[in-house]
Amino acid sequence: MSRRRGYGTLATLNAIARGYRHGFDIIDATGLPSGTIYPALGKLEADGFIQSRWEDPLEARRDKRPPRRYYELRPAGTRLLEELLAQYRDIEALPRSRALRRRLRQA
Amino acid sequence: VPDTFLIRVCAWLIVAGSCLAPRWRRDDWRREWMGELHVHASRLASAQRLTPSAEWRLVARCLGSALHLAFLWRHEWRLDMVTQDLRYGVRLFARRPTFASMAILTLALGIGATTAIFSAVDAVLLRSLPYPRPEQLIRISSLDLKDPHPSARNLSLPDVRDFERRTSSFQAIGAYNATGYFTLTGGGDPERVARALVTSGYFRALGVQPMLGRFFTPEEDRPSPPAEVVLSYGFWQRQFGGDRTVIGRLMTLSGVTGPIIGVAPQTFAHPDPKIEAAPDVFVLADPDEQQSPRSGRYLRAVARLKDGVSIDHASADLQAVAASLAIAYPSSSFGKSTIVEPLRAVVTGESRAPLWLLQAATLAILLIGCANLASLMLGFASGRATELATRAALGAARTRLVRQLVTESLVLAAAGGLAGVAVAKAGTAWLAHAVGHMLLPGQRLAVGGDVLAFAAVISLVVGVTCGLAPALRVSRTASLTTRQRGGTGSRSDHRLRAVLVGGEVAITMVLLVTSVLFVRSFSALSAVDPGFQPANLFSFQVAVQTADAPNGGAPVLYERLYDRIRHLPGVTSVGGVSILPLSGNFSCDGIQIEGRAVPKGAAPCAEARSASVDYFKTMGVALRAGRRFTERDDANAPHVVVINEALAAKFYPGENPIGRRMVYAARGQNDAREIVGIVRDVHQFGLDETPAPEFYTPEAQPPSFGVMTVVVASREASFALIPAIRADMHELAPKVPMYNVRMVRDVLQESVSAARVRTSLLATFAALALILAVVGTYGVASIAVTERTREMGIRLALGAAPRTLVEQAVLAGLRPVMLGAAAGLGAALVLSRLLTSLLFRIHPLDPVTLAVAPVVLLAAGLIAAWIPARRAIGVDPVGALRAE
């Protein structure tokens with residue numbers, strides 16, 4: 001995984017992992033604009049981390065609505081999500097510098 | 001689904017977006033977005049949360065789909081495909097160097113000419129003036145309401161001071177006079193430096209900060225102001241090598257010594273393009289009543305409006321003051337008002353029409369070049385029909401073929417654009433002559449960033465437009481059916497080419513008419529008799545300060561100088577005058593005609609010149625009546641004047657002015673002088689201007705002038721005598737500088753140089769257009785003949801006369817030319833009216849022009865159609881039939 005992935009990718013993967021499977025639902029869940037989410041979905045799909053399918057038309061017809069496209073994680077996507085989350089945890093786990101600690105102590 | 005307006009907008013956005021999606025994803029894309037919109041909107045509606053703000057958020061979300069589309073296209077247009085097309089295009093053109101170089105040359109000329117002229121348009125018309133908040137700057141001028149056609153005139157210093165004190169619309173008002181020179185002494189040879197007399201408001205109004213030291217303060221605007229000097233950046237560099245310690249150093253200018261107090265920044269430009277030389281030094285104008293009377297209107301004024309004050313308000317403010325001044329000082333200000341104009345309009349006003357005309361001409365050339373290129377590309381692409389059809393058959397999408405053809409045309413356009421920039425760079429040096437007088441002093445023409453951007457944009461537009469039309473046409477036929485090998489071009493190909501040729505001929509006709517009009521106008525201008533004989537004359541100026549003059553004043557020194565020069569070998573005559581014709585300077589001095597009642601404050605003015613005894617003889621100014629000056633018209637003799645025909649006609653209509661008297665009422669003079677002679681009118685301000693009333697006083701009689709132009713007639717036109725004269729001058733008065741040595745013929749030429757360069761530019765552009773149109777016509781006629789080779793072979797074999805075949809081919813080739821010429825002539829008739837103000841003594845519907853231009857164009861078209869048609873006779877019938 002050479003290319004850097006941004007927050008949009010992480011948020012999208014995370015939302016899918018937590019069960020938000022449709023485009024607009026992911027937008028609502030992450031709070032990110034459509035212009036971020038859709039390209040992220042496209043790129044993740046092109047790179048093989050997620051896959052998209054059309055839902056069963058019969059089911060849609062039963063609910064009297066058009067069929068929707070839904071996205072699911074592939075195994076590589078699950079791994080990528082864990083990796084990215086680990087990176088974010090690493091960022092959070094960065095210890096305070098000695099200088100800051102000293103300043104905090106004095107305050 | 002809730003059916004509100006905004007939800008419908010969302011649906012439209014999605015449908016519109018789906019049209020832009022790559023075809024194979026189009027349906028899919030639309031269904032996905034529609035589905036989401038549908039579900040989301042109905043979910044919100046059933047939860048009673050479909051508020052207007054929620055709807056707007058949905059609209060924003062649908063607008064975001066544009067980024068989704070961009071993402072999809074970016075995946076579609078992979079970089080390797082573009083580079084593949086590029087490499088293919090370059091290889092293709094490398095194998096057809098003639099075709100490629102023709103196309104690149106055509107574009108280079110078109111883009112180069114357009115870019116070069118654009119650099120001038122950009123510098124003069126588009127770029128804002130080099131001052132902070134330039135929109136606040138205005139020019140104030142006086143207006144003489146007694147004049148039937150009042151025009152903006154200079155102001156006097158007391159007027160400016162009153163405007164400063166009594167108006168409230170301005171942050172600052174600055175006045176300047178930048179027409180004279182100082183003599184700089186104190187280090188080596190005396191030198192002349194261009195000066196500007198200014199008020200302290202000058203720098204403040206323009207919003208300039210000193211680079212070094214300080215500028216003048218308002219308190220210094222007082223009678224006998226301190227003799228302080230501000231240097232221009234250029235002069236500081238030239239004279240002091242950019243020494244930062246100059247502040248406080250003393251400088252002696254025309255005998256007055258004062259400290260240098262500041263240096264203007266490098267970016268500073270004097271706000272007036274119409275001056276002889278950019279000022280080197282700035283000194284304060286003396287507002288003393290004696291030095292600057294209210295009637296002495298020798299200043300121009302710039303002012304900066306206060307924030308939020310409109311130009312109309314400022315104008316009303318000034319006019320109120322001017323009206324009260326007219327009442328308070330009737331003798332000098334009766335009937336005078338003011339006019340304010342945005343400084344930008346004043347600076348660029350006269351340049352606008354000629355520059356846009358030149359820009360239009362270059363765009364016309366570019367269009368013609370484009371038409372030629374499109375025609376070439378069409379022929380080129382038709383020739384590759386087999387290749388394209390094969391690719392289409394192997395599964396290439398039409399978009400893929402179009403993309404490749406457009407990429408190829410972009411390769412050509414990019415090469416043409418690069419070459420064009422080189423052409424433009426070479427052209428700007430030449431162009432500087434044509435537009436130099438439009439630029440502010442110190443401004444330069446340069447091919448800078450914005451000019452390069454312009455060149456890039458037009459190259460791109462040219463590349464896409466020239467490539468797209470043929471590409472669409474050819475790719476359509478290619479993907480419909482595999483064509484026969486060597487099949488002939490379709491009928492619509494022919495029609496498209498004919499339209500292209502007709503269009504370029506029409507544009508060429510307009511350009512041709514314009515340039516012939518300008519050539520005729522310029523030859524009319526050159527044919528104007530200046531009123532003097534410039535052959536074998538050279539002139540130079542001397543500047544004498546009172547302290548350096550011998551007893552008896554400067555005229556005594558001049559007389560001694562003439563005497564020395566007269567005895568130099570080869571000199572036939574020598575004379576002197578205070579202002580040389582066509583040198584750009586003027587003096588409107590008040591006069592009164594004796595025995596003529598003059599309304600108060602309405603004293604007429606005329607051009608006053610001080611001339612030596614031999615001046616008229618030297619310059620070849622013919623005497624019309626009476627006598628010239630003689631040696632006896634000296635300081636002790638009764639004062640006399642010689643007038644010109646215009647003065648005689650204006651003030652003594654139908655009378656003999658000889659022996660009558662007129663009063664010289666300016667420059668401290670107030671005496672009646674006898675008119676002893678009438679001389680021919682001399683064009684003082686330009687060959688295109690009617691000579692103004694003018695009178696001459698003998699050099700030996702007052703007023704005398706510290707600056708004199710000496711005119712020397714010699715047997716040969718050369719400067720060989722100058723060193724000898726310099727030596728004489730140095731012996732006579734070592735401190736008096738001698739400068740501005742010029743052939744009088746060159747002064748005359750220079751006065752029309754802008755018109756000459758403009759005319760030759762237009763003529764060059766018209767010639768270019770003509771060449772391109774001939775090439776275009778030739779190309780199309782040539783293709784037509786080639787395609788009909790077989791038909792002609794058959795007709796020849798059946799006994800057709802070769803002559804008939806040639807005639808038919810020529811006619812076929814000429815048809816679009818004739819139609820185009822007719823259309824172009826019609827357009828020229830309408831458009832030439834716009835040129836009226838730029839033409840001299842030539843009517844826009846000049847019959848000679850309207851006859852010459854079509855004849856030239858049709859003759860050129862005939863040749864272009866005839867050369868390929870001649871090949872029709874040479875066709876070998878058997879060979880033509882066998883080729884099939």
Side-chain angles (χ1 to χ4, degrees), chain A residues 2-13 15-16 18-72 77, chain B residues 1-3 7 9-11 13-18 20-22 24-47 49-51 53-79:
Chain A
S2 61
R3 217 180 309 160
R4 302 189 96 179
R5 310 237 166 212
Y7 175 72
T9 313
L10 171 62
T12 307
L13 279 176
I16 297 174
R18 299 192 179 206
Y20 300 91
R21 308 197 308 162
H22 305 285
F24 276 31
D25 294 344
I26 299 172
I27 292 170
D28 284 340
T30 57
L32 292 172
S34 60
T36 304
I37 295 298
Y38 271 99
L41 285 170
K43 204 181 294 168
L44 284 170
E45 187 171 9
D47 292 350
F49 293 113
I50 59 175
Q51 64 180 339
S52 66
R53 293 205 187 144
W54 284 102
E55 68 175 344
D56 187 358
L58 289 176
E59 198 177 323
R61 202 169 307 154
R62 204 170 46 226
D63 293 356
K64 293 193 180 119
R65 59 176 173 78
R68 301 175 76 184
R69 184 193 277 276
Y70 65 91
Y71 297 83
E72 347 172 88
Chain B
V1 182
D3 186 27
I7 297 294
V9 167
C10 289
L13 281 172
I14 291 170
V15 172
S18 71
L20 295 172
W24 59 273
R25 280 288 314 259
R26 196 167 290 167
D27 221 34
D28 213 35
W29 190 88
R30 200 195 65 239
R31 276 168 54 210
E32 175 172 3
W33 276 87
M34 277 300 196
E36 293 302 310
L37 175 69
H38 186 109
V39 171
H40 215 71
S42 42
R43 201 188 288 160
L44 282 174
S46 57
R49 284 194 293 126
L50 197 64
T51 57
S53 67
E55 287 184 34
W56 277 113
R57 275 202 298 278
L58 275 181
V59 173
R61 197 172 283 188
C62 292
L63 280 174
S65 69
L67 287 170
H68 191 198
L69 288 173
F71 166 80
L72 292 178
W73 274 115
R74 208 172 61 206
H75 262 235
E76 190 78 347
W77 284 65
R78 291 199 317 272
L79 194 65

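Computed from a prediction, not measured in an experiment: that's the story for all the values here. Order of the sequence lines sets the chain letters (A, B, ...), proteins ahead of strands, with each chain counted from 1.
- Counting non-hydrogen atoms of neighbouring residues, nucleotides and ligands closer than 6.0 angstrom, the CH2 atom of A:Trp54 exceeds 12 such neighbours.
- When heavy atoms are compared at a cutoff of 4.5 Å, B:Ser42 does not approach chain A at all.
- Here B:Glu36 contributes atom CD and A:His22 contributes atom NE2; the two are 6.5 Å apart, rounded to the nearest 0.5 Å.
- Only the side chain of B:Leu58 comes within contact range of chain A, with at least one heavy atom under 4.5 Å from a heavy atom of that chain.
- A:Pro33 does not touch chain B: none of its heavy atoms, backbone or side chain, sits under 4.5 Å away.
- Partner of A:Tyr71 under the side chain to side chain contact (heavy atoms under 4.5 Å, CB included) criterion, chosen from A:Leu13, A:Ile16, A:Thr12: A:Ile16.
- Ring geometry for B:Trp29 against B:His68 counts as tilted: the plane angle lies between 30° and 60°, on a 0 to 90° scale.
- Contact tally against chain B (heavy-atom pairs below 4.5 Å) for A:Ala40, A:Gly35, A:Gly23, A:Ala60: the top residue is A:Gly35.
- The line from NE2 of B:His40 to CG of B:Leu50 is 10.0 Å long, rounded to the nearest 0.5 Å.
- Neither the backbone nor the side chain of B:Arg57 comes within contact range of chain A, judged by heavy atoms closer than 4.5 Å.
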